[in-house]
Structure formats: C-alpha cells, structure tokens
Amino acid sequence: ADARQHRPATVPPAPGAMPRAALSAVLACAVAHALTPWASSGDSSAGRSERAGGDGFVFLTYNILAKSLGSSTIPWVMNAKGEVKVAVEAETGPWEAWVKAKVTPHYVRHFHKNYASGDTIAMRQFWSARACRGQEDIPAALTGVAFAGEDRVAYVDPKSSERVEAVTMRGLLRDLLGEKLGLRLYEHLMEEEESVFDWATRGPRLFQEALRQVDFPGVPLGARAPDLVVLQEY
C-alpha cells in the first residue's frame, strides 16, 4: 500500500460500473486535457502525450489505504515477528492459518463494517483499543455500542434484532492465548502499529513520498514531481 503503483482493481465492479483506478485515470486525463494544449508525441509505444510546448505531463495514482484501512492490526495485515511469533506458533500452529481461522472471522463480523455501531470507521479503530473498562472508554461516535465487560462490548444485530457481544483485539487474544501470552502478542502488535502504521506517523510520510521528485519508469522527463496526484482509499 505504501508503493507507487499502477494495478488493476482486484474486486470486479458492479455491472456497468467503472473500476476505481480506471475512473481516477479518466478524471485525471479530463483535467489534463482541459488545462493543457496537447499535441501528439508521435511515439505511441511510450504511452504518453506532450504539451504543445514540448513538456511532458506526469499523472500519479496512489492507493494509500488511509487511517484505519492501513492498520497493522487488521487480521490480513497483522504479522508477529521473532520470539513472539515463535511463542504463539508453539501454541497455535502456523501463524497465518491461526489468524485466518480464529481472528479474522471475529474481526470481520463485528468490527470491519459494523453499521449498527453508529460509525463504521470508529468501530474499526476501536478493534485495537488499549482500554475498554467502562462506557467512558467507548468513543462517543459509537452510539449503538455499549460496555459489556473488560475488552467486551455489545450492540444490537440489525438482522436478528438480538443483542450481540464482541471482544476487542486485546480481549480476543487474551481469550485465545491466555492472559500472559495474549497480552504479550497484543503489545508486540501495538508497538508496530503506533510507531509505523498509525496514520499520524504514516500519513505525512506517504504524502512526502507521493510528491517527491523521481525518475518515473518509461517517462523520459528527468527527475520531477508529478503534475497531478489522485489518492485512492483516502
């Protein structure tokens, strides 16, 4: 997610819909066409056009996975390392298989897109909460969520109209691995989350990367910053 890239959409669009990356490209080209007098470069293999004055135009599309979408605590991003991973696998077997079987289903059901919570983004962020010991620890935006115990919350399932309980990542790891190992893994994951993936840290770094001068592959214009940047999943 932190690399400049041009890649096809991985999820097929709805019938008649345009993939997000393609839509971004179309919008960028429309803006470029409106603002710049273009002339054909005569080099169709290069896949670029030129301004009438001879200068090229660089368009960059960047999938940045902003805020909670780029969290290292999301199960399919989550990764233990070193001695902590060895200790966990001694209890669970292979890391990837355990996370997929035991952690991912709970996260997807209760935290990833929980519309009953009152705020899907706040609920996704609350998954990795360090403290859940009372209603005061639950964000005010989560109007549909109530405290149900340490690391445990409750909400009403809109499909069944029944009260459902869910545990945060901290609580789930304690339940699955026991208090000592569960908290050890939680702190290990949160150390990387707070020092690398937290948006306050990662966001400015990504913006600097997207705007820095670079020699773009296949664009013989020399080192330069992009003329137009489109941010996806921001």
Side-chain angles (χ1 to χ4, degrees), residues 1-2 10-11 63-134 137-139 141-142 144-160 162-202 233:
D2 290 1
T10 55
V11 179
N63 188 334
I64 63 175
L65 293 173
K67 303 178 182 178
S68 59
L69 288 172
S71 170
S72 64
T73 64
I74 293 177
W76 45 89
V77 181
M78 184 185 294
N79 185 35
K81 300 175 182 178
E83 295 180 357
V84 174
K85 184 174 183 178
V86 171
V88 172
E89 290 188 324
E91 299 291 329
T92 66
W95 169 264
E96 291 81 6
W98 175 74
V99 170
K100 185 175 182 179
K102 299 295 185 179
V103 181
T104 300
H106 187 84
Y107 168 78
V108 170
R109 180 185 178 190
H110 300 294
F111 291 91
H112 192 55
K113 292 182 179 180
N114 187 328
Y115 296 102
S117 68
D119 189 315
T120 57
I121 294 177
M123 189 64 171
R124 190 182 296 133
Q125 294 172 327
F126 193 65
W127 158 249
S128 59
R130 281 194 168 278
C132 180
R133 300 184 179 90
D137 291 324
I138 298 176
L142 297 179
V145 177
F147 177 72
E150 184 177 5
D151 296 332
R152 188 176 298 273
V153 296
Y155 63 92
V156 176
D157 187 322
K159 294 182 179 180
S160 65
E162 296 181 352
R163 184 176 185 271
V164 177
E165 291 194 359
V167 290
T168 63
M169 180 179 76
R170 182 178 184 272
L172 183 62
L173 295 181
R174 291 168 60 213
D175 289 347
L176 294 173
L177 300 172
E179 189 77 7
K180 184 176 180 179
L181 184 56
L183 289 178
R184 183 184 179 190
L185 175 57
Y186 174 79
E187 291 297 335
H188 174 73
L189 295 172
M190 290 303 294
E191 180 180 357
E192 183 170 37
E193 171 71 7
E194 293 168 349
S195 63
V196 179
F197 284 82
D198 184 79
W199 185 243
T201 299
R202 192 169 66 92
E233 300 204 60

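Along the sequence shown, the residues carry numbers beginning at 1. Computed from heavy atoms alone, side chains included, the values below leave out hydrogens, waters and symmetry copies.
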Open item on the list: Could you go through Trp95 and Met78, starting from their C-alpha distance and side-chain angles, then the distance that decides it, and tell me whether this counts as side chain to side chain contact (heavy atoms under 4.5 Å, CB included)?
Closed with: CA-CA 10 Å; Trp95 169 264; Met78 184 185 294; 3.7 Å; yes
Task: Under the side-chain hydrogen bond (donor to acceptor under 3.5 Å, both in side chains) test, residues paired with Thr73 that sit two or more places apart - done: Ser71
- [ ] To the nearest 0.5 angstrom, please state how far the CE atom of Met169 sits from the CD1 atom of Ile74.
- [x] 11.0 Å
- [ ] Any chance you could measure Met123, atom CE, to Thr120, atom OG1, to the nearest 0.5 Å?
- [x] 10.5 Å
What side-chain donor-acceptor pairs closer than 3.5 Å can you find for residues 80-87, not counting sequence neighbours?
{"from": "Lys81", "atom 1": "NZ", "to": "Glu192", "atom 2": "OE2", "distance (Å)": "3.1"}

- [ ] Check whether any side-chain heavy atom of Asn114 lies under 4.5 Å from a side-chain heavy atom of Leu142, and answer yes or no.
- [x] no
Open item on the list: Walk me through whether Leu189 and Leu173 qualify under side chain to side chain contact (heavy atoms under 4.5 Å, CB included).
Closed with: CA-CA 11 Å; Leu189 295 172; Leu173 295 181; 4.1 Å; yes
- [ ] Return the set of residues passing side-chain hydrogen bond (donor to acceptor under 3.5 Å, both in side chains) with Glu89 (not counting sequence neighbours), or none when no residue passes.
- [x] none
Open item on the list: The criterion is side-chain contact (heavy atoms from CB on, under 4.5 Å); which residues satisfy it with Ala129, sequence neighbours excluded?
Closed with: Phe126
Open item on the list: Going by side-chain hydrogen bond (donor to acceptor under 3.5 Å, both in side chains), name the residues that satisfy it together with Tyr155, two or more places apart in sequence or in a different chain.
Closed with: His110
Task: Pairing residues for Glu187 by the salt bridge (charged side-chain N to carboxylate O under 4.0 Å, His left out) criterion, not counting sequence neighbours - done: Arg130
Open item on the list: Could you work out, with side-chain contact (heavy atoms from CB on, under 4.5 Å) as the rule, every residue matching Thr104, not counting sequence neighbours?
Closed with: Pro75, Trp76, Val99, Val108
Task: For Val153 against Cys132, the heavy-atom pair lying closest together - done: CG1-SG, 3.9 Å
Open item on the list: Test of understanding: with ring-ring contact (aromatic ring centres under 6.0 Å, His included), list the residues that count as partners of Phe111, not counting sequence neighbours.
Closed with: Trp127
TODO: Could you please spell out the steps behind the side chain to side chain contact (heavy atoms under 4.5 Å, CB included) verdict for Lys102 and Thr92?
DONE: CA-CA 10 Å; Lys102 299 295 185 179; Thr92 66; over 6 Å; no
Task: Residues in side-chain contact (heavy atoms from CB on, under 4.5 Å) contact with Ala141, at least two apart in sequence or another chain - done: Asp119, Ala122
Open item on the list: Run the side-chain hydrogen bond (donor to acceptor under 3.5 Å, both in side chains) test against Glu165 and tell me which residues pass, sequence neighbours left out.
Closed with: Arg163
- [ ] Provide the closest heavy-atom pair for Tyr107 versus Arg124 in the form atom of the first, atom of the second, distance.
- [x] OH-CG, 3.2 Å
Open item on the list: Strictly by side chain to side chain donor-acceptor pair (under 3.5 Å), give each pair with a member in residues 166-178 just once, sequence neighbours left out.
Closed with: Glu150-Arg170, Asp151-Arg170, Asp151-Arg174, Arg174-Glu179
